[in-house]
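Side-chain atoms are counted along with the backbone in the values below, which use heavy atoms only and exclude waters and symmetry mates. In what follows, chains are A, B, ... by sequence order, proteins preceding strands, each numbered from 1.
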Amino acid sequence: MRRYNPREIEPKWQNVWAESGIYKTNMGRTADKFYVIPMLPYPSGDLHIGHWYNFGPTDTVARFRRMLGQNVLTTIGFDAFGLPAENAAIKRGIQPAVWTHSNIDSMTKQIAQIGASYDWDHTLATCNPDYYHWNQWLFLKLYEKGLAYRAKAVVNWCPKDQTVLANEQVVGDNNVCERCGTPVIQKEMESWYFKITDYTEHLLADLESVDWPEKVKTMQQNWIGKSQGALINFEVDGSDKHIEVFTTRPDTIFGATYMVLAPEHPLVMKIASDECQPQVEQYIEETSHKTELERKTSEKHKTGSLTGAYAINPATQTKIPIWIADYVLASYGTGAIMSVPAHDERDWEFAKKFDLPIVHVYDQTGASEDSWYNGEGIMKHSGKYDGLSTAEAREKIVTDLAKHKIAKEQTNYKLRDWLISRQRYWGTPIPIVYCEDHGTVPLDEKDLPVILPEDVEFTPTGRNPLLDREDFVNTKCPICGKAAKRETDTMDTFVDSSWYFLRYLDAKNNKVPFDTELINKWMPVDHYIGGIEHAILHLLYARFVTKFLHDHHGLDFEEPFKKLTNQGIILGPDGQKMSKSRGNVINPDEMVKSYGADSLRLYLMFMGPYEQGGPYDMGGIAGTRRFLDRFWTLLGEFLEAGSTAGDAQGLEITAAVHKTIKKVSQDLERLDFNTAISAMMELVNHLYKLKAETGLTQSASWRFALETLTQLLAPFAPHIAEEIWESLGHDSSVHISTWPQWDEKLVAEEIITLAVQINGKVRSEIVVPTDISEAEAIEIAKADEKIAPQLDGKTIKKAIYVPGRLVSLVI
RNA sequence: GGGCGGAUGGCGGAAUUGGUAGACGCGCUGGACUCAAAAUCCAGUGUCCGCAAGGAUAUGAGGGUUCGAGUCCCUCUCUGCCCACCA
């Protein structure tokens, strides 16, 4: 008998599939289309186990859908712009383009080992001009609608990477650069922005329409950070100036005993009294030098400085002092707050420290005035609003103040516009030139793409080499033709990945970014699978771009990803995050060498719930390999046995197979890969048992079992399934065969075992026909030889029969 | 501080509406095969008592509802992830 040798059959079938083109999708057949893709990978040059965990199961879904008869498109590409290429260039003196393309080549070869059913006609790499051309097109479209703009603002700057970062790219407790971990500093710069805030409400509301993990939806909601409240105007005492504050709790205005401005607030120096001016200046100076880390660690001991100015509380008409403090952020709301120490933790701490008055303006059951409390309650110390609920007062106070134009309702968001400028070389050039006469001028669409030179010189400082490329920088003004300068900033790579799923569908179109009619037939992506690390950034940007294209470019859908699944994280065998320094990295190439791609795919899906991830176990992959070996052995014995006349175990085998079809089908639908695989293992074990009992390995029902199992296994372990399918005498691929159907009648067993409980404890088991009546079941249970003695002299108070499960007697 | 998860044998994990807890895999033990080992096959494997039949006990801890709770309710402990001075 031939041995199972994945090293031989896996490359063989990968070649056969490539040559026969069985995974090429007919793009014209759209009625039953199913578009499933993993998230666009970065071509780091090494395919790690996390990629396998993303791509393998995604391919399993694609293969399952294909066998169910749907017209599946699945493919992959590369998110090929970005910093690592430049770092490699600086460190190793190799051009980013060369480094990237060589990585793409080697990763493409590694990806081939997975045996995924990609249609490579749809692949792309974002660093190719035929892709980034359309990033530039998108930029111009946004610019036309006023949704791409340039502004001077304080931005997050990474001193190491020498570039601006989006808010979303500043991470961790101490605000470090997402890429290199260097603490980010604040710097004022001119940058390009995409006006994502125009879509805030849509981005929020449409979350309801998608089939995404609740966790991701919540993360996006929190990021958008909608809060409803009011803007209230406070008059500065003895001046014509006003301070506007944003508050979500206008009902607590009678408890506003002081105000606080952010140190950066423009009014600070204008209102500060002469005697306070020096301290105020000093405080501003001090806080401007504080790093984010220092600002955070001072969370519990607040700092601040008195301005010497006073404001009039419009509700109480009393004078309240105005402070500045860095616990108030210039970037949120109006950069100024009314402080209600009795009902806000931060204000409480500040008031305690600086000995400011504290007035509780509502009662709350269980709360004491020895401390602050928030939430709802009954108003007091609030004039005519006393006795109302806080919710009622909230509305009334704003309405009343609004009559005097002192307040108005206001909704605030945390979401900021998307800063897309990067002072880096390896990215999409922004299609803008600067002309002395005409200022900022967008290029004409016909002049696209602005080609990024691929032979540049790097200096160790990381300075953008485009700045020194005169042939790039010097150009002509599209309006007047006079000498002008090109923008040297490039786009954030998240622009690249914000629409690539549209380009996949029409990847070779060199006239337009995509054919709208085709896109409308194939979108949205039916199932999108990738890591939760993209819960905010990528997914929010992709949704924004999709909505923009919907509004202005004829897309008839507003959400790009119908269903989203986040795979878990594979940890090292020690349960820790895999890292080179820990030495716990599992190399998938080695696993493929030792066990085969099918075993690795299978193991990754078998180790636990897909969304959970977990530690990699060397024994575990040996187990899935053993399962494939056992299946292979059954096949070999079947083929060698020759034909037999009888079909002794026919019914039992048929029932077991149908049960397995049902289980695997339903589990795959839910992405419960682990239990689907265990069901297949059970069937193989069952066949082994029958073999041991009868010595038979061949009959019509054995053939049925082996063929069906091959089909069920095909989405998980595509190579061995194809090999076995061929051995069983099929000419065409198992992967385009029709997914087996189960017969409910055959799944149902004729004889079942019921548990018999006395007072809730299992005391015996009875074997009865499935369709037994309640009365019969109870009678048989009572007469059972183990049960009867225990009933002696006792009265049965109650008898419960759960069909198919148990009989419970209460005595 | 806020939000969302999670806690089941030696390990990864099953248990779809409250119905025989521990499927499946790993590991371990014993047996078959072998000169021997590996591989393979067969059997066993939550814990405690017992030669056994059997019994007791058991899903982070404690309480509750129920004929019956891993699953529902209350209290608590531990833990993972995300966000966080957002007014």
Quick note, salt bridge (charged side-chain N to carboxylate O under 4.0 Å, His left out) partners involving residues 245-262 of chain A, not counting sequence neighbours, are A:R249-A:D251, A:D251-A:R394
So which protein nitrogen or oxygen atoms get under 3.5 Å of nucleotides 3-13 of chain B's nitrogens or oxygens?
from, atom 1, to, atom 2, distance (Å)
B:G12, O2', A:M607, O, 2.7
B:G13, OP1, A:Q612, NE2, 2.5

Tabulate atom names and distances for all N/O pairs under 3.5 angstrom spanning the protein and nucleotides 39-42 of chain B.
from, atom 1, to, atom 2, distance (Å)
B:U40, OP1, A:R626, NE, 3.3
B:C41, OP1, A:R630, NH1, 2.7

Can you tell me if A:K798 touches the phosphate of B:C67, counting only side-chain N or O atoms and a distance under 4.0 Å to OP1 or OP2? yes
Positions of residues 245-257 of chain A (non-hydrogen atom under 4.0 Å from RNA chain B), listed by number: A:F246, A:T247, A:T248
For A:E765, what residues pass the side-chain contact (heavy atoms from CB on, under 4.5 Å) criterion, not counting sequence neighbours? A:T753
Picking from B:C85, B:G19, B:U20, the nucleotide nearest the side-chain atoms of A:Y327 would be B:C85
Could you tell me whether A:K408 atom NZ has more than 12 heavy atoms of other residues or ligands within 6.0 Å of it? no
Between B:G19, B:C83, B:A87, which nucleotide has the shortest distance from any of its atoms to the side chain of A:W223? B:C83
Worked check of side-chain hydrogen bond (donor to acceptor under 3.5 Å, both in side chains) between A:Q221 and A:T218: CA-CA 5 Å; A:Q221 270 163 19; A:T218 307; 4.7 Å; no
Determine if the base of B:G9 is syn or anti; take syn to mean the glycosidic torsion is within 90° of 0. syn
Name the atoms and distances for all side-chain donor-acceptor pairs under 3.5 Å in residues 802-811 of chain A, with sequence neighbours left out.
from, atom 1, to, atom 2, distance (Å)
A:S808, OG, A:Q757, OE1, 3.4

Between C1' on B:A84 and CD on A:Q221, what's the gap in Å once rounded to a whole number? 17 Å
Between C1' on B:A84 and CD on A:E345, what's the gap in Å once rounded to a whole number? 12 Å
Distances under 3.5 Å between protein N/O atoms and the N/O atoms of nucleotides 52-57 of chain B, please, pair by pair.
from, atom 1, to, atom 2, distance (Å)
B:A56, OP2, A:R763, NH1, 3.3
B:U57, OP2, A:K761, NZ, 3.0

Grab the CE-C1' distance between A:M219 and B:A84 for me, whole Å please. 13 Å
Can you list every ring-ring contact (aromatic ring centres under 6.0 Å, His included) pair that touches residues 661-690 of chain A, not counting sequence neighbours? A:Y610-A:F673
Is NZ or CZ of A:K302 both nearer than 6.0 Å to the six-membered ring centre of A:Y327 and within 45° of the ring axis? yes
Whole-angstrom distance between B:C72 and B:G10, as gauged at atom P: 25 Å
Sequence-distant partners of A:H538, ring pair (Phe, Tyr, Trp, His ring centres under 6.0 Å), two or more places apart: A:Y528, A:H534
Applying a 3.5 Å limit to both distances, which nucleotide forms a Watson-Crick or G-U wobble pair with B:A37? none
Tell me whether the side-chain N/O atoms of A:S227 come closer than 4.0 Å to OP1 or OP2 in B:A87. yes
Nearest to side-chain heavy atoms of A:E682, which nucleotide of B:A14, B:C24, B:G19: B:C24
What is the distance from CH2 of A:W348 to C1' of B:C85, rounded to the nearest Å? 18 Å
Measure the distance from NE2 on A:H343 to P on B:C85 and round it to the nearest whole Å. 23 Å
With a 3.5 angstrom cut-off on both distances, give the Watson-Crick or G-U wobble partner of B:U66, or none if there isn't one. none
With a 3.5 Å distance limit and no angle check, can you tell me whether A:N374 reaches the backbone of A:H343 through a side-chain donor-acceptor pair? no
Give a yes or no on whether the backbone of A:E376 and the side-chain of A:Q364 come within a donor-acceptor separation of less than 3.5 Å. yes
Could you state the CG-P distance from A:L628 to B:G25, rounded to the nearest angstrom? 13 Å
What is the distance, rounded to the nearest whole Å, between atom NZ of A:K663 and atom P of B:U16? 9 Å
Test your reading of the model: is there a side-chain donor-acceptor pair from A:H360 to the backbone of A:Y362, 3.5 Å cut-off? no
Judged by each residue's nearest nucleotide on RNA chain B, which is more toward the 5′ side, A:V802 or A:D667? A:D667
With sequence neighbours left out, which residue pairs that include part of residues 216-229 of chain A fulfil the salt bridge (charged side-chain N to carboxylate O under 4.0 Å, His left out) condition? A:E201-A:K226, A:E214-A:K217
Euclidean distance, atom CZ of residue A:R805 to atom C1' of B:C67 [Å, nearest integer]: 17 Å
Quiz item: A:R670 side-chain donor-acceptor pair to B:U16 base, under 3.5 Å: yes
For A:K577, does its backbone N or O pair with a side-chain atom of A:N584 as donor and acceptor, under 3.5 Å? yes
Check the angle between the aromatic planes of A:W632 and A:Y4 and answer parallel, tilted or perpendicular using the 30° and 60° thresholds. tilted
N/O-N/O pairs, protein side and nucleotides 45-47 of chain B side, under 3.5 Å:
none

I'd like to know if the side chain of A:T334 and the backbone of A:A336 have a donor-acceptor N/O pair within less than 3.5 Å. yes
Separation between the P atoms of B:G3 and B:G12, rounded to whole Å: 29 Å
Tell me whether A:T197 contacts the main-chain N or O of A:R416 through its side chain, where contact means a donor paired with an acceptor under 3.5 Å. no
Could you work out, with salt bridge (Lys or Arg N to Asp or Glu O under 4.0 Å) as the rule, every residue matching A:D617, not counting sequence neighbours? none
Which of B:C85, B:U20, B:A23 is nearest the side chain of A:L806? It is B:U20
Could you check A:M681 against A:I758 and say which one's nearest nucleotide on RNA chain B is further toward the 5' end? A:M681
Any side-chain to backbone donor/acceptor pair from A:Q220 onto A:A535? Under 3.5 Å, distance only. yes
Between B:A15 and B:A23, how far apart are the C1' atoms? Round to whole Å, please. 8 Å
Please pick, from B:A23, B:U20, B:C67, the nucleotide with the shortest atom-to-atom distance to any side-chain atom of A:A755. B:U20
